[in-house]
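This report refers to the structure that appears directly beneath it.
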Amino acid sequence: MATRTHFILLLMVVVIASSVQVHGNLSPTYYSSTCPKALSIVQAGVKAAIKKEARMGASLLRLHFHDCFVNGCDGSILLDDNANFKGEKTAGPNQNSVRGFNVVDNIKAQLEKACPRVVSCADILAIAARDSVAILGGPFWKVKLGRRDSLTASREAANTLLPGPNFNLSALISSFSVHGLSLKDLVALSGSHTIGLARCTVFRSRIYNDPNIDASFAKSLQKKCHKSGNDDVTEPLDFQTPTCFDKLYYDNLLKRKGLLHSDQELFKGSYTPAKSLVKKYAQDASAFFKDFAKGMVKMGNIKPLTGTAGEIRINCRKAN
Ligand code: HEM
Ligand SMILES: *[C@@H]1O[C@H](CO)[C@@H](O)[C@H](O)[C@H]1NC(C)=O
């Protein structure tokens with residue numbers, strides 16, 4: 001009996017110790033004494049921005065993803081180019097594509113008024129992503145906080161590390177596994193494409209050359225996205241409900257109506273583990289929501305700067 005109790009205690013210690021290591025110093029209550037209004041300030045800013053333009057929820061969610069995949073969730077995507085480095089905003093996957101910087105600036109200005117130099121830009125992105133998803137009808141999760149901001153950014157890293165719309169399944173899997181994200185994380189987090197828009201230039205080859213697409217779906221897109229020109233014409237990633245965070249992205253994949261080649265790679269050919277996850281999420285929105293929230297917490301834990309590393313930026317666009 002005694003040894004069994006000891007064993008269970010030991011097991012608990014091991015489990016707790018390993019989870020502490022995995023999650024660094026991040027904690028959901030990080031600002032509860034230093035800036036108790038932090039979460040409500042971000043939420044109000046996100047709400048107002050989405051009210052003004054529903055797409056902004058999608059844009060804010062994507063900013064957090066593109067931040068985390070490039071040298072960790074450290075606010076590096078928010079830095080403008082300067083004399084010392086070319087930043088991430090003008091990397092291929094970001095240029096003329098990522099948006100929402102003014103919304104982040106407005107939220108940051110409010111936070112600086114309420115609690116100067118306390119809340120990092122990297123954390124603003126994590127909270128704004130969570131709130132965007134929740135406001136548009138998706139799941140809510142406890143967002144872990146305490147990330148600090150980088151002093152620098154890397155265009156080259158952004159070009160190398162962000163997955164592209166023409167990636168095949170194995171390239172997608174390896175792009176996620178670099179960050180410790182599993183196939184399940186890949187399929188669940190790709191469900192982000194239940195909201196937002198994409199430009200003609202990123203899905204043109206899919207609608208003209210990809211065999212794995214519904215013919216009438218391709219035809220209707222070809223009317224808007226021509227073989228040349230119209231590069232910046234946008235279409236919804238989920239043609240059914242682009243401002244609603246629901247499971248219809250997966251229903252679309254079952255019908256070969258995913259907008260991006262990379263989307264449809266998750267549901268293609270004969271049986272694959274990715275395919276069965278897509279089927280599962282199309283049948284069960286709550287399974288999707290649960291795995292999505294888990295995946296977001298995992299993604300938000302990619303290499304955060306903590307302790308004395310980095311800084312709390314005053315202006316998200318430049319180091320102090
Ligand atoms: C799996 C690999 C992924 C690829 C290849 C990919 C690629 C893309 C591309 C090409 C666009 C359209 C960009 C444009 O037209 O300028 C887009 C939009 C978007 N992506 Fe992804 N993405 C991936 C995963 C993710 C993840 C993990 C998230 C979030 C956690 C995400 C969130 C979004 C959102 C919300 C939009 C719409 C943004 C807006 O309307 O402003 N994507 N993605
Ligand atoms: C996937 O893409 C990679 C990189 O472009 C390529 O090397 C690989 O052969 C492709 N795999 C499949 C199964 O098509």
Taking I41 as the fixed residue, which of V119, V46, L111 is the one that meets the side chain to side chain contact (heavy atoms under 4.5 Å, CB included) rule?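 Result for side chain to side chain contact (heavy atoms under 4.5 Å, CB included) with I41: L111.
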Give me the one residue out of L237, L61, D246 that meets side chain to side chain contact (heavy atoms under 4.5 Å, CB included) with I195. L61
Step-by-step side-chain contact (heavy atoms from CB on, under 4.5 Å) determination, V187 to V278: CA-CA 7 Å; V187 178; V278 169; 4.0 Å; yes
Please enumerate all residues that pass ring-ring contact (aromatic ring centres under 6.0 Å, His included) together with F267, with sequence neighbours excluded. none
Under the ring-ring contact (aromatic ring centres under 6.0 Å, His included) test, residues paired with F239 that sit two or more places apart: F217
Under a 4.0 Å N-O cut-off, is there an ion pair linking [X] with [Y]?
X	Y	value
D123	R147	yes
D251	K255	no
D74	K303	no
K318	D80	no
R206	E265	no

Please report the shortest heavy-atom distance between [X] and [Y], naming the atom on each side.
X	Y	answer
R199	S97	NH2-CB, 3.7 Å
D105	C316	OD1-CB, 4.4 Å
K142	V297	O-CG2, 4.2 Å
C73	G300	SG-O, 3.4 Å
E311	A319	OE2-CA, 3.2 Å
K275	S270	CD-O, 3.5 Å

[atom1] of [X] to [atom2] of [Y]: how many Å apart, nearest 0.5 Å?
X	Y	atom1	atom2	result
I173	L266	CD1	CG	8.5 Å
L63	L125	CG	CG	6.0 Å
F203	K224	CZ	NZ	9.0 Å
D263	Y250	CG	OH	9.5 Å
C121	L79	SG	CG	8.0 Å
S132	H64	OG	NE2	11.0 Å

Answer with yes or no whether the side chains of [Y] and [X] bring together a donor and an acceptor at under 3.5 Å.
X	Y	answer
D210	Q264	no
R155	T90	yes
R204	S228	no
D238	H193	no
N166	H261	no
D185	S182	yes
S150	T152	no
N96	D232	no
S76	N71	no

Do you reckon L60 sits in the same ILVMFWY cluster as I302, going by side-chain contacts under 4.5 Å, direct or chained? yes
Check step by step if side-chain contact (heavy atoms from CB on, under 4.5 Å) holds for C115 and T34. CA-CA 8 Å; C115 7; T34 54; over 6 Å; no
Aromatic contact, F176 with F167 (centres under 6.0 Å):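 No, too far apart.
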Please report whether the ring centroid of Y249 lies less than 6.0 Å from that of Y281.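 No, they do not, as the ring centres are separated by 6.0 Å or more.
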Is [Y] close to [X] at the side-chain level, that is, under 4.5 Å between some pair of heavy atoms?
X	Y	result
I312	R148	yes
E235	L197	no
T234	C200	no
V133	P139	yes
L183	P273	yes

In sequence, state the C-alpha distance, the side-chain angles, and the governing distance for D291 and K184, and then conclude on side-chain contact (heavy atoms from CB on, under 4.5 Å). CA-CA 8 Å; D291 290 347; K184 191 194 257 188; 3.8 Å; yes
Heavy-atom count check: over 12 atoms from other residues, nucleotides or ligands less than 6.0 Å from Q95 CD? yes
How are the rings of F69 and H179 set to each other: parallel, tilted or perpendicular (split at 30° and 60°)?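 Tilted.
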Give the C-alpha distance, both sets of side-chain angles, the deciding distance and a yes or no for side-chain contact (heavy atoms from CB on, under 4.5 Å) between L78 and D67. CA-CA 8 Å; L78 302 174; D67 184 31; over 6 Å; no
